[in-house]
Amino acid sequence: MKLFHRSAAPSNTALRHRALVTHVDAPPQGAPHHGALSRGTIRVVVDLGAGPVEVAGTFRFADDHWLVPGMDVTILIDPARPADFEVDWTSVASMADRVAANDPALADPFAAGRRVAQALGLTRADTGTRRQHRFAQLMAAAATAPAVAGKVRAVVLVATIRGRMEVGGSDAGPSTTEITMHRNSEAVLAVNVPGRPPYAVLVRHFKFPRRQSDIAGGGLPALVCATDPSDVEVQWDDVPSVALQLADRMSASMSAAQDRMARQQSISAQIMAATQQYRSAEPAGTPTHTDAADESAPHAGDPPVPPYPPTEPSATAYPPAGPAAHAHPGAPAYPTVVFGGSMPASGPGFAALAPQMREMMIDNLRRTLRYVADPAQRRMILDQYRALGVDIEGLDG
């Protein structure tokens, strides 16, 4: 019996390492045993001696090979071929055993998500806090709602769900493959009763009713049997419809976009005010602007810059950023941008400012670039700062 799936004899240069799972596909029920649909993707953060890196690979689906983000696993990895790493499945306990042990990655998905975010160098500005806010609202409602005889109110999070793979087709087109959560499959629920520690429950038959979901990811209201903590009943009638959840999310996104636009406009106003101060401080005869600055600066009558929609990661996927440089197959590692230390500055205007004003400008640039993803907008802001004599090398890509 092989220990690892893709090679009977691991490479002599492969070493065992502990790794943190950052993303993994749950093995869907009904998946075939062979072919492309029999495999899933997995990403882990591992330190091979030169700092943590995130590597991606594939694995064969199996009922007992069920991982979740935020848990630690042992892998066998060759530094020369990191994408070919293998999980030591013999060291992974079954899902039933992990639930019985109340594995923190299952009992507290939020804490597991924070572990992943920290490993990837993400902050709340990157991941958002909407899920936590929704969860807090549901927990407050559960704590104050009227009691139900023989039941306690709770909020459950779907820590992981396998789903069911459906392969279909018709004469009019090619076959399609879908993993649906609207048919019964195994799932692990993180149960949160107000005033008690969270715990995990393995549910053998769980599904989302048609037109129901947890888009916000903040949890589902539930009732738990007072004498059997594993008897959990989701109160689907109290869950907003998908349409209402989408409308709420769009409203929140528009509000967040307006807040970001207001911040950008405030920063732009500070830049213009500082520009006038710099020009008044420059000696006579010194050019006060450049053609490049005129080309990139906004003109009267120009249409306003549209707000950028907020970007949030999915429940299982995070963008490549932070100290965990990424080593995906066939792609170079992404560079890590680190702010701090002294930044090169030149020009008589910038040098004429007080140290506090110079630091304020640099801080403004840091905050601005965090919210600007559009390359043209990013160049415009950097050109405005360069026109003032401020330049930060490596952030104009």
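Remember, predicted model here, so these are calculated numbers, not experimental data.
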Show which side-chain atoms of residues 191-201 pair as donor or acceptor with protein atoms under 3.5 Å away, not counting sequence neighbours.
from	atom 1	to	atom 2	distance (Å)
N192	ND2	V155	O	3.2
N192	ND2	A190	O	3.2
Y199	OH	P229	O	2.7

Determine, step by step, whether V44 and T22 satisfy the side chain to side chain contact (heavy atoms under 4.5 Å, CB included) criterion, reporting the C-alpha distance in whole Å, the side-chain angles of both residues, the deciding distance to 0.1 Å, and the verdict.
CA-CA 5 Å; V44 301; T22 58; 5.6 Å; no

Any donor-acceptor N or O pair under 3.5 Å, side chains E166, T177
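E166 vs T177: no donor-acceptor pair found between side chains.
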
A187 to W66 - nearest heavy-atom pair and separation:
N-CH2, 4.0 Å

Closest heavy-atom contact between G218 and L138?
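Looking at all heavy atoms of both residues, the shortest contact is O-CD1, 3.7 Å.
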
Mind telling me whether F208 and W236 have parallel, tilted or perpendicular rings, with 30° and 60° as the class edges?
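Correct class here is perpendicular.
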
Under the side chain to side chain contact (heavy atoms under 4.5 Å, CB included) test, residues paired with D47 that sit two or more places apart
P52

Set of side chain to side chain contact (heavy atoms under 4.5 Å, CB included) partners for A96, sequence neighbours left out
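A96 satisfies side chain to side chain contact (heavy atoms under 4.5 Å, CB included) with S94, L202, R204 only.
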
So, [X] side chain and [Y] main chain: donor-acceptor pair closer than 3.5 Å or not?
X	Y	answer
R115	G70	yes
H182	P209	yes
T144	A140	yes

Measure the shortest side-chain to side-chain distance between V148 and R153 over non-hydrogen atoms and say whether it is less than 4.5 angstrom.
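Side-chain contact under 4.5 Å: yes.
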
pair L223-Q235: side-chain heavy atoms closer than 4.5 Å:
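SC-SC contact between L223 and Q235 confirmed.
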
Sidechain N-carboxylate O distance under 4.0 Å for R162, D25
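Salt bridge absent between R162 and D25.
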
What's the spacing between [X] [atom1] and [Y] [atom2] if we round to 0.5 Å?
X	Y	atom1	atom2	value
I179	M165	CD1	CE	4.0 Å
D63	M95	CG	CE	11.5 Å
I75	H17	CD1	NE2	7.5 Å

With [X], which residues qualify under salt bridge (charged side-chain N to carboxylate O under 4.0 Å, His left out), at least two apart?
X	answer
D97	none
R164	none
E233	none

Does the side chain to side chain contact (heavy atoms under 4.5 Å, CB included) test come out yes or no for L67 and V73, once each step is laid out?
CA-CA 9 Å; L67 307 179; V73 293; 4.1 Å; yes

